[in-house]
Amino acid sequence: MGKTKELSKDVRDKIVDLHKAGMGYKTIGKQLGEKETTVGAIIRKWKKHKITINRPWSGAPRNISPRGVSMIMRKVRDQPRTTREELVNDFKAAGTTVTKKTIGNTLRRNGLKSCSACKVTLLKKAHVQARLKFANEHLNDSEKAWEKLLVFLILQMGLLK
């Protein structure tokens with residue numbers, strides 16, 4: 001679809017004035033040399049917003065073009081274990097800089113989930129000391145004692161009845 005020409009403020013104001021005077025869309029269009037649909041669109045915009053200028057779209061433009069989105073979806077469909085990092089590198093090679101977060105949002109917008117590994121907290125010094133103490137205490141235990149301990153733990157967990 002081609003880009004339409006924008007009407008000057010004078011023409012838009014004349015359309016609104018003629019409409020206020022009671023003229024119809026066809027008559028206004030013929031008098032000013034504009035299409036009926038153009039006249040109708042300007043009048044509808046004036047009725048709703050009380051302005052006739054074209055306002056810019058709200059929000060920032062998308063970082064990934066529709067063609068890039070289809071490339072992502074095709075790659076993920078063909079190779080489900082593709083990481084977001086690999087997709088970022090693909091875009092970087094094509095000359096577009098995007099983040100892993102943007103890739104994840106794009107996948108989610110198109111019905112897929114982008115998962116990331118959970119961050120496991122490191123053991124605190126007290127936990128490390130407790131584990132070392134337990135290991136040192138049971139360093140010389142017999143194999144029979146370890147078997148008893150394993151059976152006890154399995155029973156506690158409810159795996160064996």
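Keep in mind that this is a model prediction, so the values were computed, not measured. Side-chain atoms are counted along with the backbone in the values below, which use heavy atoms only and exclude waters and symmetry mates.
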Enquirer: Could you check whether any side-chain heavy atom of Ile42 comes within less than 4.5 Å of a side-chain heavy atom of Val11, counting everything from C-beta outward?
Expert: no
Enquirer: Could you work out, with side-chain contact (heavy atoms from CB on, under 4.5 Å) as the rule, every residue matching Lys101, not counting sequence neighbours?
Expert: Thr99, Asn105
Enquirer: Could you give all pairs that pass the side-chain hydrogen bond (donor to acceptor under 3.5 Å, both in side chains) test and reach residues 132-141, with sequence neighbours left out?
Expert: His138-Asp141
Enquirer: Has the side chain of Thr106 got a donor or acceptor atom that lies under 3.5 Å from a matching backbone atom of Thr102?
Expert: yes
Enquirer: Quick one: do Leu32 and Ile43 end up in the same hydrophobic cluster if we chain Ile, Leu, Val, Met, Phe, Trp and Tyr together by side-chain heavy atoms under 4.5 Å apart?
Expert: yes
Enquirer: For the atom pair NZ (Lys14) and CD (Gln31), what is the distance rounded to the nearest 0.5 Å?
Expert: 9.0 Å
Enquirer: So with a 6.0 Å cut-off around CZ of Arg62, is the heavy-atom count from everything else above 12?
Expert: no
Enquirer: Suppose we screen for side-chain contact (heavy atoms from CB on, under 4.5 Å). Which residues come up paired with Leu153, at least two apart in sequence or across chains?
Expert: Leu149
Enquirer: To the nearest 0.5 Å, tell me how far Leu87 CG sits from Leu107 CG.
Expert: 6.5 Å
Enquirer: Tell me if the NZ atom of Lys50 is crowded by more than 12 foreign heavy atoms within 6.0 Å.
Expert: yes
Enquirer: Suppose we screen for side-chain contact (heavy atoms from CB on, under 4.5 Å). Which residues come up paired with Lys20, at least two apart in sequence or across chains?
Expert: Val16, Trp46
Enquirer: side-chain contact (heavy atoms from CB on, under 4.5 Å) with Ser58: which residues, sequence neighbours excluded?
Expert: none
Enquirer: Can you measure from CG (Asp90) to CD1 (Ile72) and round to the nearest 0.5 angstrom?
Expert: 9.0 Å
Enquirer: What's the spacing between Arg77 CZ and Leu112 CG if we round to 0.5 Å?
Expert: 10.5 Å
Enquirer: Could you work out, with salt bridge (charged side-chain N to carboxylate O under 4.0 Å, His left out) as the rule, every residue matching Asp13, not counting sequence neighbours?
Expert: Lys9
